[in-house]
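The structure under discussion appears below in the form of structure tokens.
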Amino acid sequence: MSVDAFGDHTSIVVFGASGDLAKKKTFPALFGLYREGQLPANVNIIGYARSKLSTEEIRERIVDNLKLKNDKAKAKVDGFLKLISYVSGPYDQPEGFQKLNEAMNEYESKNQVSKPERLFYLALPPSVFTTVGSNIKTYAYPPKEGRLRIIVEKPFGHDLESSRKLQEDLAPLFTEEELYRIDHYLGKEMVKNLLVLRFGNEFLNAAWNNKHISSIQISFKEAFGTEGRGGYFDEIGIIRDVMQNHILQVLTLLTMERPTSFDPEAIRDEKVKVLKAFSELSKDDVLLGQYTKSEDGSKPGYLDDETVKNDSKCVTYAAIGVQIHNERWDGVPIVLRAGKALDESKVEIRIQFKPVAKGMFKEIQRNELVIRIQPDEAVYMKINSKIPGISTETSLTDLDLTYSKRYSEDFWIPEAYEALIRDCYLGNHSNFVRDDELDVSWALFTPLLNYIESDDFPKPEGYAYGSKGPKGLRQFLEKHNYAFSQEGSYQWPLTTPNIKGKI
Ligand SMILES: NC(=O)C1=CN([C@@H]2O[C@H](COP(=O)(O)OP(=O)(O)OC[C@H]3O[C@@H](n4cnc5c(N)ncnc54)[C@H](OP(=O)(O)O)[C@@H]3O)[C@@H](O)[C@H]2O)C=CC1
Ligand SMILES: O=C1O[C@H](COP(=O)(O)O)[C@@H](O)[C@H](O)[C@H]1O
């Protein structure tokens, strides 16, 4: 794999250090890496924001958000905090960047660093990405013999046009090699496992096509609504929030051809190729919804959020039909679905296989491979097996790899942000979004988004907070070839002799 790790004396600068993402994800991820010995012990971490905070104050904020679950974690806190300092300054003026540069220079000369390596994390609203990028380039870029990497948070644009504009603005500042566009789903353990599951198992590899697979679903469910973030969400909607990025990334990894190696460019080349084979998303192949009060009235509807417009048509639930027109996938219906305020929080992939020939069987159900991304990572395959004992009939059961049952707690499974910051530090681009990938993904979603945001778009169907989603969901899935298992024919987790009323 063509990776090129930063060395022992790297400076990591977190822009937007006073903000929500930095507090909840970036600093805790840096701590997790430090705790596990994955950051060099003497790395230099600097928080940067406009807020006037002392180093002590930023350290206090950080420590309040660290999960100190065990003695190992508690023992590491002080050492971690000592690595952190803070620089306060504006985003659009040189002075703060000059101060920042001096702080890095001082660290580098104290440690006799001959090739300064600097990693910048932009935990900032996109409106200031370019300004900050430009000031980094002018005032805090490492000297000629050094190197820079810069992590940019989503959203990378609002549609195709704005995404291209952002690309155009950043391109003169940083090379594609230097830019790391983060999509944190690519750092999730099970998402990283997809290539191994697919290409490392011949039985799956052989059946991974339209001859054997009858439908694919990727579903993202959250059991909570916008809860005060409505002001932000109202401009975005569920499609931009999680589909154009997280869910599409998962689908791409699931459907791309075999890369020649784990080399980041080999993987990203294949992702782009399959994305180009997607057909235009049709406005007639969608199910869109907006949540209303829960049935018992205890949970608010989307429009009850004071930060959203009274007549907002913002989509909080979407199921979208996707088709891929290549030799492997032509004719396989794919459904991407995502929603807020549903009955549970879960993200999973369901691959349903075609029915086997009946002949010798009176009743036989379909195989289904389920890959649960979260919570509690699992891969299980629904298979038909003889009901144990004197019965000669079949029932649907599972081959089950649930991580919590199979792997001891001693495994450190990094959080997504931990995995991705580590990748960036190591110079591994595989799990970051490339410019052409971004462009194709926006080209795919922009026409549908334009329709949804036009005056012609009817109000999305209501669904109650805490429900499974809009009423038409079952029918929508059936229309896309998904066969629900016969009622009572499948029991989880323990199958009892009365399955299907038989013994
Ligand atoms: N929060 C989350 O869970 C997630 C966030 N993201 C993305 O990460 C980035 C940061 O998100 P988040 O931390 O929530 O954002 P915040 O709104 O908390 O902003 C981060 C910091 O940026 C500064 N800031 C805020 N608004 C502006 C502004 N209009 N102009 C200049 N500076 C501003 C503030 O620092 P100060 O005033 O001190 O300079 C603030 O503390 C965004 O791109 C977001 O989309 C992505 C996934 C999840
Ligand atoms: O990017 C986002 O993702 C989160 C879901 O991330 P997860 O790791 O908790 O599954 C989502 O809640 C948020 O709205 C969105 O902006």
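These numbers come from the heavy atoms of this one structure, side chains and all, not from hydrogens, waters or symmetry mates. Whatever order the structure lists them in is the order used to number ligands and atoms, beginning at 1.
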To the nearest 0.5 Å, what is the distance between [atom1] ([X]) and [atom2] ([Y])?
| X | Y | atom1 | atom2 | result |
| --- | --- | --- | --- | --- |
| Phe233 | Thr307 | CZ | OG1 | 11.5 Å |
| Tyr463 | Lys468 | OH | NZ | 14.0 Å |
| Arg268 | Glu176 | CZ | CD | 6.0 Å |

Response to the item:
Per the under 4.0 Å non-hydrogen criterion, ligand 1 touches Gly16, Ser18, Gly19, Asp20, Leu21, Ala49, Arg50, Ser51, Tyr91, Ala123, Leu124, Pro125, Pro126, Val128, Glu153, Lys154, Pro155, Tyr417
Just to confirm my output: which protein heavy-atom neighbour is closest to [atom], and how far is it?
| atom | value |
| --- | --- |
| atom 14 (O) of ligand 2 | Asp241 OD2, 2.5 Å |
| atom 5 (C) of ligand 2 | Glu222 OE2, 3.5 Å |
| atom 2 (C) of ligand 2 | His246 NE2, 3.4 Å |

Quick one: which ligand 2 atoms are inside 4.0 Å of a heavy atom on [X]?
| X | value |
| --- | --- |
| His184 | 1 (O), 3 (O), 6 (O), 7 (P), 8 (O) |
| Gln374 | 7 (P), 10 (O) |
| Lys188 | 7 (P), 8 (O), 10 (O) |

Practice prompt. Determine, using ring centers only, whether Tyr180 and His429 are less than 6.0 Å apart.
Written response: yes
Worksheet item: Tyr48 vs Tyr91 aromatic rings, parallel, tilted or perpendicular, using cut-offs 30° and 60°?
Response: tilted
Practice prompt. Quick one: sort the Tyr482 and Phe484 rings into parallel, tilted or perpendicular, breaks at 30° and 60°.
Written response: perpendicular
Worksheet item: Out of Tyr185, Phe220, Phe233, whose heavy atom is nearest to atom 10 (O) of ligand 2?
Response: Tyr185
Using the test side-chain contact (heavy atoms from CB on, under 4.5 Å), find all partners of [X] that sit at least two apart in sequence or belong to another chain.
| X | result |
| --- | --- |
| Glu161 | Asp159 |
| Arg422 | Leu33, Gln38, Leu426 |
| Asp64 | none |

